[in-house]
Amino acid sequence: IITAFSCFRIKVPIVTLYATLGVDALAFGINQTSAQYLFTNGEQLPKLQKILSKIKNITTIVVFDDKYTENYLAEFKKNCPSSIRVQTMSEIETIGKENPIVDNYTRPTKDDLAIIMYT
């Protein structure tokens with residue numbers, strides 16, 4: 001929810017793709033929306049590994065980290081193309097604390113797209 005509110009604040013629409021979707025449906029949704037950033041938990045990394053060659057616009061994957069994520073994350077990073085930056089949510093939070101002022105964004109309006117939901 002923190003990620004969603006952060007995106008809403010800076011006028012970035014979010015796309016939800018449920019973990020229960022098959023790998024082809026995940027790749028389709030990511031490509032259809034031209035998503036550049038992907039937020040996920042560690043358990044989904046093996047599924048993402050299968051579609052990395054099919055998703056062309058992703059530049060950054062942010063992984064919600066916990067004690068169960070470490071093994072998935074280490075394996076994923078070994079096999080992830082160098083063109084995709086992989087960071088943990090803890091790393092993103094640290095960047096935010098070190099750079100608290102964001103003044104180069106456009107505030108959202110009531111007519112802006114907020115969510116695209118694949119179900």
Side-chain angles (χ1 to χ4, degrees):
I1 195 77
I2 291 170
T3 304
F5 284 144
S6 298
C7 289
F8 295 153
R9 182 174 187 266
I10 61 171
K11 195 177 174 174
V12 172
I14 62 172
V15 178
T16 61
L17 295 161
Y18 290 95
T20 56
L21 293 174
V23 291
D24 290 334
L26 290 175
F28 175 82
I30 291 167
N31 289 328
Q32 186 179 48
T33 59
S34 299
Q36 295 177 346
Y37 295 83
L38 193 148
F39 290 78
T40 190
N41 64 35
E43 292 177 9
Q44 298 305 314
L45 293 176
K47 191 181 286 188
L48 282 176
Q49 188 71 53
K50 294 177 183 177
I51 62 169
L52 282 177
S53 65
K54 297 178 183 178
I55 52 177
K56 304 299 181 198
N57 294 313
I58 295 294
T59 61
T60 305
I61 296 174
V62 178
V63 182
F64 297 105
D65 47 333
D66 57 32
K67 64 182 180 179
Y68 303 107
T69 299
E70 293 175 18
N71 293 336
Y72 291 117
L73 188 56
E75 185 65 27
F76 185 79
K77 282 184 173 183
K78 282 194 288 188
N79 299 308
C80 191
S82 60
S83 61
I84 299 176
R85 181 176 55 220
V86 180
Q87 295 179 286
T88 65
M89 190 61 162
S90 296
E91 292 169 334
I92 298 296
E93 289 171 348
T94 299
I95 292 168
K97 288 176 185 173
E98 293 171 355
N99 303 280
I101 298 175
V102 177
D103 57 7
N104 60 344
Y105 71 95
T106 304
R107 292 188 181 275
T109 67
K110 65 179 180 161
D111 296 322
D112 289 327
L113 178 64
I115 300 172
I116 299 171
M117 185 176 295
Y118 289 85
T119 58

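One-based numbering along the sequence shown. What you see is a predicted model, and the numbers here were worked out from it, not measured in a lab.
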Find the distance between OG1 (Thr59) and OH (Tyr37) and round it off to the nearest 0.5 Å. 4.5 Å

With sequence neighbours left out, what residues match Thr69 under side chain to side chain contact (heavy atoms under 4.5 Å, CB included)? Val63, Asp66, Leu73

Side-chain donor-acceptor contacts of residues 2-18 below 3.5 Å, not counting sequence neighbours, with atom names and distances?
residue, atom, partner, partner atom, Å
Ser6, OG, Ile2, O, 2.8
Arg9, NH2, Tyr105, OH, 3.2

Mind checking the CD1-CD1 spacing from Ile55 to Ile84? Nearest 0.5 Å is all I need. 5.5 Å

Rounded to the nearest 0.5 Å, what separation is found between the CG atom of Leu52 and the CD1 atom of Ile61? 5.5 Å

Contacts of Tyr72 meeting side chain to side chain contact (heavy atoms under 4.5 Å, CB included) (sequence neighbours excluded), chain-then-number -> Glu43, Leu45, Pro46

To the nearest 0.5 Å, what is the distance between CG (Asn79) and CG (Leu48)? 12.5 Å

Is Ile1 linked to Met117 within one hydrophobic cluster, defined over Ile, Leu, Val, Met, Phe, Trp and Tyr using a side-chain heavy-atom separation of less than 4.5 Å? yes

Can you sort out the partners of Glu75 under salt bridge (Lys or Arg N to Asp or Glu O under 4.0 Å), two or more places apart, ordered by chain and number? Lys78

Is the backbone N or O of Gln44 less than 3.5 Å from a side-chain atom of Asn41, with the two atoms forming a donor-acceptor pair by type? yes

Could you work out, with side-chain hydrogen bond (donor to acceptor under 3.5 Å, both in side chains) as the rule, every residue matching Thr94, not counting sequence neighbours? none

For Glu91, enumerate each residue passing the side chain to side chain contact (heavy atoms under 4.5 Å, CB included) test, keeping only those at least two apart in sequence or located in another chain. Gln87, Thr88

Tell me the salt bridge (charged side-chain N to carboxylate O under 4.0 Å, His left out) pairs involving residues 25-36, sequence neighbours left out? none

With rounding to the nearest 0.5 angstrom, report the CD1 to CD1 distance, Ile58 to Ile51. 8.5 Å

Transitive ILVMFWY side-chain link Phe39 to Ile115, under 4.5 Å: no

Using atom types as modelled, flag every donor-acceptor pair under 3.5 Å from a side chain in residues 25-34 to any protein atom, sequence neighbours excluded.
residue, atom, partner, partner atom, Å
Asn31, OD1, Lys56, N, 3.4
Asn31, ND2, Ala27, O, 3.1
Asn31, ND2, Lys54, O, 2.8
Gln32, OE1, Tyr118, OH, 2.4
Thr33, OG1, Gly29, O, 2.9
Thr33, OG1, Ile30, O, 3.3

State yes or no: do Ile92 and Phe64 share one hydrophobic cluster built from I, L, V, M, F, W and Y residues joined by side-chain heavy-atom distances below 4.5 Å, directly or via other members? yes

Apply side chain to side chain contact (heavy atoms under 4.5 Å, CB included) to Thr109 and list each qualifying residue two or more places apart in sequence or on a separate chain. Asp111, Asp112

How would you list, by chain and number, every residue that makes a salt bridge (Lys or Arg N to Asp or Glu O under 4.0 Å) with Lys50, sequence neighbours excluded? none

